[in-house]
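Reading through the structure tokens given below for one structure.
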Amino acid sequence: MSPNVDQFFEERRSKSRKLAEMGVDPCGAKFVTSSDLAGAREKAEAASIAPASESEISVRLAGRIVAVRAFGKAAFVVLRDRSGDIQAYLRADRLGEAGYAVVKLLDLGDFVGVEGTLGRTKTNEITVFAKSLTFLTKALRPLPEKFHGLSDTDTRFRQRYLDLVANPEVRERFVKRSRLIASLRRRLEERGFIEVETPMMQAIPGGATARPFITHHNALDIDLYMRISPELYLKRLLVGGLDRVFEIGRNFRNEGLSPRHNPEFTMMELYQAYGNLDDMMEITESVVSGIAGELGGGEVQFGGKPVKLASPWPRLDYLSLLAGKAGVDPASEESLRSAAKKAGVDTDGLDKWALMDEVFSNYVEPGLWDACFVCGAPIELTPLCKARPDDPTRAERFEAYAAGMELANAYTELNDPLEQRRRFEEQAGGSSAAETGGKLDEDFLTALEHGMPPAGGLGIGIDRLAMIVLGAETIREVVLFPLLRPRETGAATAETPRSN
RNA sequence: GAGGGCGUAGCUCAGCCUGGUAGAGCAACGGCUUUUUAAGCCGUGGGCCGAGGGUUCGAAUCCCUCCGCCCUCACCA
């Protein structure tokens with residue numbers, strides 16, 4: 001620890017000891033409040049208090065001190081909680097000698113409770129005129145600077161609590177993410193879906209193709225995989241008669257990090273028996289545009305450019321987009337290969353379908369700015385999806401895009417157990433299955449053989465939805481604790497102050 | 001994994017190109033101050049300049065290696 005941090009720490013410890021000597025617990029106790037800070041503000045506004053006057057409205061409020069402006073025998077402190085900030089005015093003549101002695105020992109970062117009346121100062125600032133101050137908790141380390149806040153991304157992500165305290169817009173963003181998920185849950189429940197939880201540790205990681213994380217269960221002495229998708233378990237529930245199910249939870253993929261990828265990310269997946277792709281479109285449009293309206297006030301900006309999320313979303317054709325936006329002939333492997341090469345893709349060993357996917361994500365995806373559905377991707381890429389009745393080479397599938405990112409993916413689900421087995425076997429021959437030994441999920445196939453009703457299925461990437469709705473350009477701004485390389489243990493030890 | 005950028009006080013940053021031994025604001029400490037809004041005024045302390053090595057009489061500054069973060073690419077149904 002640097003001498004400077006040591007100095008802060010020792011000074012604050014000494015104040016903490018002084019408080020204890022005065023009979024004040026430096027790590028206080030329950031404090032009943034009359035409302036949060038924003039609630040007190042609203043009350044004050046509603047009472048239309050004149051400048052430089054006090055009302056008779058009493059409040060009890062608590063928060064962390066984020067600013068102190070002290071005079072000899074009076075001080076203004078700004079309190080902050082989850083809802084916002086409010087100023088409190090502490091005067092020696094109102095708090096008494098003992099009370100004001102505590103004020104003298106306050107530091108930025110301490111938690112306090114105040115009881116007093118709401119009013120406005122002569123500068124018209126809503127203020128709690130304190131009758132008493134209750135010390136709640138001492139902060140032994142200093143907070144980041146009050147004006148510029150905290151901007152170093154390393155510290156912001158590693159010590160997110162500092163980011164949340166110092167940067168109100170960050171706190172607000174995560175509150176909104178929580179509201180987003182609550183709203184999504186409510187909207188699905190209104191449609192008769194029930195929320196379920198399926199295994200995150202799976203013996204065979206299915207439902208997608210991605211490299212899994214491997215873990216080990218000691219008692220059974222078996223390797224397990226962190227799920228890459230809940231799909232195969234949710235479908236088992238359709239077999240079991242839970243006709244409308246959804247799950248909101250983490251998926252894990254052992255792949256690279258990027259502004260759009262975190263190895264653990266949050267997905268919403270739902271399955272609706274007796275439905276199909278059209279139902280999934282309706283749900284996606286309605287839920288996403290509804291949430292955006294609720295949280296973003298209808299106006300959503302990403303990277304300074306507006307993104308249109310209001311329904312209806314245009315239905316675009318996968319192959320037409322390839323021809324139109326990428327200028328390739330989707331039927332020609334050579335045309336696809338040369339386009340992929342031009343985009344800097346290493347095309348060795350890629351088959352026609354993989355090339356198509358590369359061309360799509362390099363040439364078409366970045367330009368899909370306003371929300372839209374891309375329909376009819378080739379069946380080869382989607383072993384869990386039904387083929388189109390009119391064109392068996394294409395999947396009855398859509399992917400929803402907005403702000404140049406894939407936001408959702410939906411199928412009319414394949415419920416033919418024999419066809420499903422054939423597709424799995426085909427896939428097991430491919431290279432992507434090597435990681436998990438190419439094992440077929442026989443238990444899932446058995447479930448299908450018992451009969452899965454025709455169904456539509458939908459997955460929405462919640463982190464990306466949050467990014468778009470909240471205008472965050474990197475996933476790290478919507479994930480509280482994004483994955484970072486752990487610090488050296490030596491450094492971590494040095495952070496811990498020695499006791500005495 | 002490759003390329004580029006960044007790393008200086010608790011925080012936000014200057015200094016680096018053109019080497020001469022470390023600066024500002026906020027925060028902290030002492031003093032004055034009972035209506036401030038990044039409060040003010042006077043004074044004080046605080047840095048192995050990410051780590052290690054090299055060049056040099058002399059390195060925050062130039063060179064090399066390593067570590068961490070960010071960006072782009074690659075990996076990634």
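Every chain is numbered from 1 and lettered A, B, ... according to where its sequence line falls, protein lines coming before strand lines.
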We want to know whether [X] and [Y] form a side-chain donor-acceptor pair, criterion being a heavy-atom distance below 3.5 angstrom.
{"X": "A:Glu56", "Y": "A:Thr117", "value": "no"}
{"X": "A:Gln87", "Y": "A:Arg69", "value": "yes"}
{"X": "A:Tyr233", "Y": "A:Glu231", "value": "no"}
{"X": "A:Ser332", "Y": "A:Asp329", "value": "no"}
{"X": "A:Asn409", "Y": "A:Arg397", "value": "yes"}

Classify [X] by what it touches in the nucleic acid, base, sugar-phosphate, or nothing, heavy-atom distance under 4.0 Å.
{"X": "A:Glu125", "value": "base"}
{"X": "A:Pro259", "value": "sugar-phosphate"}
{"X": "A:Ala70", "value": "base"}
{"X": "A:Arg94", "value": "nothing"}
{"X": "A:Ser151", "value": "sugar-phosphate"}
{"X": "A:Glu380", "value": "nothing"}
{"X": "A:Tyr100", "value": "nothing"}
{"X": "A:Leu150", "value": "sugar-phosphate"}

Side-chain N or O of [X] less than 4.0 angstrom from OP1 or OP2 on [N]?
{"X": "A:Lys73", "N": "B:U33", "value": "no"}
{"X": "A:Arg69", "N": "B:A38", "value": "no"}
{"X": "A:Arg91", "N": "B:U34", "value": "no"}
{"X": "A:Arg158", "N": "B:C69", "value": "yes"}

Which whole number of Å gives the distance between the [atom1] atom of [N] and that of [M]?
{"N": "B:G50", "M": "B:G68", "atom1": "C1'", "answer": "8 Å"}
{"N": "B:A14", "M": "B:C57", "atom1": "C1'", "answer": "29 Å"}
{"N": "B:C67", "M": "B:G10", "atom1": "P", "answer": "25 Å"}
{"N": "B:C42", "M": "B:G15", "atom1": "C1'", "answer": "28 Å"}

- Task: Would you mind telling me which residue lines up with the more 5' stretch of RNA chain B, A:Tyr89 or A:Leu106, judged by nearest nucleotide?
- Result: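 The answer here is A:Leu106.
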- Message: Heavy-atom nearest nucleotide on RNA chain B for A:Phe71 versus A:Asp152: which residue maps closer to 5'?
- Response: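 The residue closer to the strand's 5' end, by nearest nucleotide, is A:Asp152.
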- Message: Let's go through A:Tyr401 and A:Phe360 carefully: what are the C-alpha distance in whole Å and the side-chain angles of both, what is the deciding distance for ring-ring contact (aromatic ring centres under 6.0 Å, His included) to 0.1 Å, and is it a yes or a no?
- Response: CA-CA 12 Å; A:Tyr401 288 86; A:Phe360 190 88; 5.8 Å; yes
- Message: So that I know where these two stand, are A:Tyr225 and A:Phe213 an aromatic pair - ring centroids less than 6.0 Å apart?
- Response: no
Can you name the atoms? Protein N/O to nucleotides 23-27 of chain B N/O, anything below 3.5 Å, with the distance.
unit_1: B:A27; atom_1: OP1; unit_2: A:Lys146; atom_2: NZ; d: 3.0

